[in-house]
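Within every chain, numbering begins at 1; the chains are lettered A, B, ... in the order of the sequence lines, protein sequences first and strands thereafter.
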Amino acid sequence: MTSDPAWYARPVLDVARDLVGCVLRHGDTSGVILETEAYHFTEAACHAYVGITERTRVIWGPPGRSYVYRSYGIHALFNAVCEDDGVGAAVLVRALEPLDGIEVMRMRRGPVKESELCNGPGKLTQALGIGLELNDTPLTGATPPIAIEPRPPAWRDVDIVRTAPRIGITKAVELDWRFSVRGHRGVSRPLPAPPPAPR
DNA sequence: CATGGGATTGACT
DNA sequence: GTCAATCCCATGC
């Protein structure tokens with residue numbers, strides 16, 4: 001289960017896929033995960049690619065913990081650390097469908113459309129109130145600061161696609177390590193257009 | 001010690 | 001569609 005570190009101690013691509021449809025919760029706010037990306041130390045787009053540093057120490061640490069870092073000097077991005085202790089791997093959460101505490105999210109996000117509350121990795125951390133101070137906190141156990149819960153019944157059989165390349169990176173862009181709910185409008189970037197049909 | 005780039009967003013054209 | 005904002009940290013001199 002998502003409350004057990006062993007659930008995260010699996011291949012990062014499996015965890016990234018299984019996280020879609022689960023609920024990410026912090027305090028009174030929560031949302032259903034619509035989109036994820038996998039990162040692994042063996043490929044250059046992953047922060048852990050450079051080895052163990054003060055910044056990347058958490059990614060190399062035990063699974064089932066948070067890795068929250070600052071992007072572009074402005075935004076906090078939330079990841080779940082995966083695979084065994086000593087292996088650098090994590091899943092980035094890119095988009096949510098708002099579930100609980102929508103009014104609180106609105107306060108934090110300002111006057112935006114509801115569809116804009118959590119449709120981006122920096123937006124969802126702002127909406128849920130997840131900041132850098134929540135880096136390296138447990139996601140498992142009885143009452144972790146940030147919790148990930150199993151798929152609600154309505155999301156039990158979601159159709160997950162693994163097709164799109166990861167977003168906003170310049171290295172290892174060829175790896176299709178992005179997962180999302182098929183056809184959902186809440187994903188942070190649309191899937192690339194399918195190739196034209198042969199004639 | 002200086003520098004440059006990045007897993008982004010929002011405002012503007 | 002384009003572009004600036006903004007800061008941590010890895011790298012190189």
query = Can A/Asp157 and A/Arg151 be said to form a salt bridge (charged side-chain N to carboxylate O under 4.0 Å, His left out), step by step?
reply = CA-CA 9 Å; A/Asp157 298 311; A/Arg151 288 177 186 153; over 6 Å; no
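- A straight line from CZ of A/Arg166 to C1' of B/dG6 spans 14 Å, rounded to a whole angstrom.
- The CG atom of A/Asn135 sits 13 Å away from the P atom of C/dC8 (whole-angstrom rounding).
- Ranking C/dA10, B/dA7, B/dT8 by closeness to the A/Thr53 side chain, first place goes to C/dA10.
- Side-chain N/O atoms of A/Arg70 include none lying less than 4.0 angstrom from OP1 or OP2 on B/dA7.
- A residue-by-residue look at A/Leu132 and A/Ile74 shows that A/Ile74 has its nearest nucleotide of DNA chain C further toward the 5' end.
- Considering only side-chain N and O atoms, A/Ser71 lies nowhere under 4.0 angstrom from the phosphate OP1 or OP2 of C/dC8.
- One interatomic measurement links the two molecules: OH of A/Tyr72 to C1' of B/dG5, which rounds to 8 Å at whole-angstrom precision.
- Contact between the side-chain N/O atoms of A/Arg109 and the OP1/OP2 oxygens of B/dG10 is found at a separation under 4.0 Å.
- Put simply, NE2 on A/His75 is 6 Å from P on B/dT9, counting in whole angstrom units.
- Rounding to whole angstrom units, CD of residue A/Glu116 and P of B/dT8 are separated by 16 Å.
- A donor and an acceptor atom, one from each side chain of A/His40 and A/Tyr49, are nowhere located under 3.5 Å apart.
- Separation of the A/Trp177 and A/Tyr39 ring centroids does not fall under the 6.0 Å cut-off.
- A donor-acceptor pair under 3.5 Å links the side-chain atoms of A/Arg109 to the main chain of A/Glu116, judged by distance alone.
- Nearest to the side-chain atoms of A/Arg55 among the listed nucleotides B/dT9, B/dA7, C/dC9 stands C/dC9.
- Base pairing of B/dA7 is not made with any nucleotide, judged by Watson-Crick or G-U wobble geometry with both donor-acceptor distances under 3.5 Å.
- Panel note: side chain A/Thr125, backbone A/Leu77; no donor-acceptor pair is recorded below 3.5 Å.
- Remark: A/Lys171 is not in phosphate contact with B/dA7, judged by side-chain N or O atoms under 4.0 Å from OP1 or OP2.
- One can place CG of A/Leu77 at 16 Å from C1' of C/dC9, the figure rounded to the nearest angstrom.
- B/dC1 is paired with C/dG12 under the Watson-Crick or G-U wobble criterion, all donor-acceptor distances under 3.5 Å.
- For the pair A/His47 NE2 and C/dT11 C1', the computed distance is 15 Å after rounding to whole Å.
- Distance from the side chain of A/Gln126 is smallest for B/dG10 among the nucleotides B/dG10, C/dA10, B/dT8.
- Atoms CD1 (A/Ile167) and P (B/dG6) sit 15 Å apart, rounded to a whole Å.
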